[in-house]
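Report on one structure; see the data block that follows.
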2 protein chains.
Amino acid sequence: MSLENQELRKAGLKVTLPRVKIYQILEKAGEGDHFSAEDIYKLLMEIGEDVGLATVYRVLTQFETAGLVTRHHFEGGHSVFELASAEEHDHIVCIKCGRVREFVDQQLIDRQYQIAKDLGFTITDRTLYLYGVCSEGCSAK
Amino acid sequence: MSLENQELRKAGLKVTLPRVKIYQILEKAGEGDHFSAEDIYKLLMEIGEDVGLATVYRVLTQFETAGLVTRHHFEGGHSVFELASAEEHDHIVCIKCGRVREFVDQQLIDRQYQIAKDLGFTITDRTLYLYGVCSEGCSAK
DNA sequence: AATGCTAATTAGAAACTTTCGCATCTGTAA
DNA sequence: TTACAGATGCGAAAGTTTCTAATTAGCATT
């Protein structure tokens with residue numbers, strides 16, 4: 001049994017073709033890469049998999065609920081998804097070109113835990129997004 | 001001349017009825033309150049101001065551009081707005097009792113701007129939420 | 001292998017937020 | 001007061017996400 005199948009079963013999801021294909025796409029993308037539902041839909045079309053857009057959304061939501069992927073919301077009212085990763089990281093989003101970039105800054109993370117501790121909290125989850133304009137590239141479509 | 005009018009003029013915007021009304025709503029809300037465009041539209045209806053939803057969006061975008069308000073991107077693909085506050089703050093949320101607490105930590109904020117700068121970004125907006133369990137109170141419903 | 005039950009998928013339409021186009025109206029400066 | 005740039009309102013359009021109803025596929029059991 002393939003790795004994807006194990007992951008899906010472990011998450012309590014039946015192993016179906018759309019789920020496997022979508023999981024593979026996310027997997028191949030690797031860490032730091034983010035896809036919108038539309039991106040994934042187009043990729044599926046390209047490889048000849050006839051999966052509906054609604055299914056892509058549903059499967060991604062199921063993956064999110066199961067903790068397999070993380071959903072990120074940003075400008076323009078659409079979301080991007082990435083395979084849940086073990087390493088804590090944060091995101092910086094270019095509001096012009098839409099690119100999402102990950103970064104890890106231990107000092108920043110440590111400080112957050114320290115603040116929470118000082119306020120009498122135990123952190124279970126964090127969300128940090130920086131929105132801005134990236135200087136290079138960003139051919140402002 | 002009223003305070004709102006001065007603010008609008010200072011921002012280079014004509015003083016029109018919709019703009020004044022929308023500004024007043026945001027002002028009355030105070031800090032920490034967040035309104036969606038739809039919320040504001042409904043409030044305008046309630047007080048009998050016949051302002052179109054499109055205008056609400058346009059005005060909010062202008063206010064944002066002028067630096068009068070801050071836009072936050074929330075779940076479900078919609079945005080909320082709050083009057084730009086002089087002080088940047090972040091939020092810590094108790095996942096048990098739902099309490100939201102604001103905090104300000106300059107070191108944390110500075111570090112974020114530094115990271116963005118290092119990555120070639122100019123920050124226009126930030127969102128930091130810490131989720132956790134608060135030790136005291138927290139009458140875990 | 002075939003069956004039946006359950007759950008998942010599909011396509012299209014609906015829902016929802018946000019933006020656009022254009023005729024009309026308003027605020028502002030002369 | 002007048003003229004004009006710019007703002008507004010309305011409806012339609014655009015774009016993302018969700019819903020519905022009918023169909024199909026997965027899977028445990030024969």
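Reckoned from all heavy atoms, side chains included, excluding hydrogens, waters and symmetry mates. Note on naming: letters A, B, ... go to the chains in the order of the sequence lines (proteins, then strands), and numbering restarts at 1 for each one.
- Atoms CG (Leu53(B)) and P (dC16(C)) sit 13 Å apart, rounded to a whole Å.
- Here dT17(C) presents its P atom at 14 Å from CG of Leu60(B), a figure rounded to the nearest Å.
- In this structure, CD of Glu64(B) is placed 13 Å from C1' of dT18(C), rounded to the nearest angstrom.
- Proximity of Tyr57(B) to the phosphate of dT19(C): no side-chain N or O atom is located under 4.0 Å from OP1 or OP2.
- The distance between atom CZ of Phe63(B) and atom C1' of dT18(C), rounded to the nearest whole Å, is 18 Å.
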Response to the item:
Reading nucleotides 3-9 of chain C from 5' to 3' and marking B where a protein heavy atom lies under 4.0 Å of the base, S where only the sugar-phosphate is that close, and - otherwise, the string is ----SSB

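- Note: CD (Glu38(B)) to P (dC16(C)) measures 10 Å, nearest angstrom.
- The side chain of Ala54(B) has dC20(C) as its nearest neighbour among dC27(D), dC20(C), dT17(D).
- In this entry the distance linking CD of Glu49(A) with C1' of dT24(D) reads 16 Å, nearest Å.
- Proximity of Val104(A) to Asp90(A): side-chain heavy atoms (C-beta onward) are nowhere separated by under 4.5 Å.
- Atom pair Tyr41(A):OH and dT17(D):P shows a separation of 15 Å (rounding to whole Å applied).
- Note: His91(A) and Tyr129(A) have parallel aromatic rings, judged against thresholds of 30 and 60 degrees for the angle between ring planes.
- Nucleotide dT17(C) holds its P atom 14 Å from the CD1 atom of Ile40(B), rounded to whole Å.
- The side chain of Ser36(B) places no N or O atom within less than 4.0 Å of a non-bridging phosphate oxygen (OP1 or OP2) of dT17(C).
- Counting heavy atoms from C-beta on, the side chains of Lys28(B) and Ile25(B) never come closer than 4.5 Å.
- Between Val59(A) and Ile40(A) the shortest side-chain heavy-atom distance does not fall below 4.5 Å.
- For Arg58(B), the salt bridge (charged side-chain N to carboxylate O under 4.0 Å, His left out) criterion is met by no residue, not counting sequence neighbours.
- Under a 3.5 Å cut-off, the side chain of Arg71(A) and the backbone N or O of Ser79(A) do not form any donor-acceptor pair.
- For the salt bridge (charged side-chain N to carboxylate O under 4.0 Å, His left out) test, no residue two or more places apart in sequence or in another chain qualifies with Asp39(B).
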